[in-house]
Amino acid sequence: MSSTQFDFSAVVDRHGTWCTQWDYVADRFGSADLLPFTISDMDFATAPCILDALQKRLQHGVLGYSRWKHDDFIGAIEHWYQQRFSSQIDREMVVYGPSVIYMVAQLIRQWTQPGEGVLTFTPAYDAFFKVVQGNQREILACPLDKNGNDWTLNVPLLEEQLAQPHCTLLLLCSPHNPTGKVWTRDELMLIAQLCERHQVRVISDEIHMDMVWGDNKHTPWNEVARGEWALLTSGSKSFNIPALTGAYGLISDKTQREAYLHQLKACDGLSSPAVLAVLAHVSAYREGDVWLDALREYLQDNLRYVADQLNAAFPQLNWQPPQSTYLAWIDLRPLGIDDKLLQKELIEHQKVAIMPGYTYGVEGEGFLRLNVGCPRSKVALGVAKLIAGIRALQ
């Protein structure tokens, strides 16, 4: 399907909607009058089939307590995995949660003790650092190696870290945020083997699973898993519905699954899901594929536009779109630009908010993360301001 079936170029004014990216940009960047390319949600209205389903539900008028454990929800997830990934999930493994990061936090508390190490590949999604350290666990960083435009796994370092007695959990981001790396099946199988060998459980955050580009193929963790593990994800990134809350996952071990659900319901009082989130997932996974494919085409064009503009201005960058996600992870190190000075220029003079790479750990220094989940007109303006900001420092 062509992106012309849907008008992703239409600008939707998000100001005044309590929107994190637009209304609260000053929280992180210190100024409210900035054009934001920050938190990874999109400026597009969600799929019409979802909006229609939500409107029909609202017209019903009763918004009482609800459940998620029924065939409409689990069957829709099963259908999506079959259609998009040719993967057969075990329905008995499905669990629900208010967000992927809540579920990560819950399993960190369930599977590790304070002071133990949680291994993750860096640079890493900044919420990973917060949720590990906020639960009094130690982050063990396994830096990915950058070779040209590819990111590769340092296998000897990974095995050395997994072998440490206090390393009890691997927190995997698949596809990887912020680099956009798509793990190959062989890489994932190797990671699974090493984790099993060293008795390290795995949590695989797969929230960007639907945004994989070109010949790259997402392999769900359940396809390669060994030992005890959890796969956690949501339709929130793909269909731009994070404000509804709602996520789901697979937990392999029955006892661990029951312990997670006991904590969710009995300890945290989260027995009733947000009914609109459940409905949105059902609608997305049953009817949203045409819209999503059109969106994917538009996002890939946005990423190619960024590459064309950046490389025309600075040929030495030779920046290429990532293997996945709508987050352009831009390596500016060949230009020798100071990170802090660039942020000061972008904020104070160019009036644009772009996430500095050091947000994602020391391995992100010298990079920027630019969110292109927006109309092309916004992307064009943002890239022009980024180019102007760089040139002002050269």
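A side-chain donor-acceptor contact under 3.5 Å links Gln350 and Glu345. Between the side chains of Trp111 and Gln256, a donor-acceptor pair is found at a separation under 3.5 Å. Between the side chains of Ser87 and Glu223, at least one donor N or O lies within less than 3.5 Å of an accepting N or O. Counting only N and O atoms by type, the side chains of Thr184 and Asp186 include no donor and acceptor under 3.5 Å apart. Using modelled atom types, one finds no donor on one side chain facing an acceptor on the other under 3.5 Å when comparing Ser324 with Lys181. Under the 3.5 Å distance criterion, with hydrogens and angles disregarded, a donor-acceptor pair is assigned to the side chains of Tyr102 and Asp268.
Judged by the 6.0 Å distance and 45° axis criteria, Lys378 is positioned over the aromatic ring of Phe37.
Using a 4.0 Å cut-off between charged side-chain N and carboxylate O, Glu365 and Arg333 make no salt bridge. With respect to Asp71 and Arg91, a salt bridge is recorded, a charged nitrogen being found less than 4.0 Å from a carboxylate O. Ion pairing of Arg67 with Asp72 is absent here, as no side-chain N (NZ or NE/NH1/NH2) approaches a carboxylate O to less than 4.0 Å. A salt bridge is absent between Arg369 and Asp126; no separation between the charged side-chain nitrogens and carboxylate oxygens falls under 4.0 Å. Using a 4.0 Å cut-off between charged side-chain N and carboxylate O, Glu116 and Arg137 make no salt bridge. Under the 4.0 Å criterion applied to side-chain N and carboxylate O atoms, Lys237 and Asp210 are not assigned as salt-bridge partners. One finds no salt bridge joining Asp338 and Lys340 here, because no Lys/Arg side-chain nitrogen approaches an Asp/Glu carboxylate oxygen to under 4.0 Å.
Test Trp329, Phe367, Phe129 against Tyr360 for ring-ring contact (aromatic ring centres under 6.0 Å, His included) and you get one pass: Trp329.
Within 6.0 Å of the CD atom in Gln199, the count of heavy atoms belonging to other residues, nucleotides or ligands does not exceed 12. The environment of NZ in Lys69 is sparse: at most 12 heavy-atom neighbours from other residues, nucleotides or ligands sit within 6.0 Å.
Counting only distance, with no hydrogens or angles, the side chain of Tyr326 and the backbone of Ser40 share a donor-acceptor pair below 3.5 Å. Asn216 places no side-chain N or O within 3.5 Å of a backbone atom of Val212 that could act as its donor or acceptor partner.
Ring geometry, Tyr248 versus Phe73: the interplanar angle exceeds 60°, so the pair is classed perpendicular (tilted spans 30 to 60°). Using bins of under 30°, 30° to 60° and over 60° for the plane-to-plane angle, the ring pair Tyr285/His281 lands in the perpendicular bin.
Counting heavy atoms from C-beta on, the side chains of Leu144 and Thr152 never come closer than 4.5 Å.
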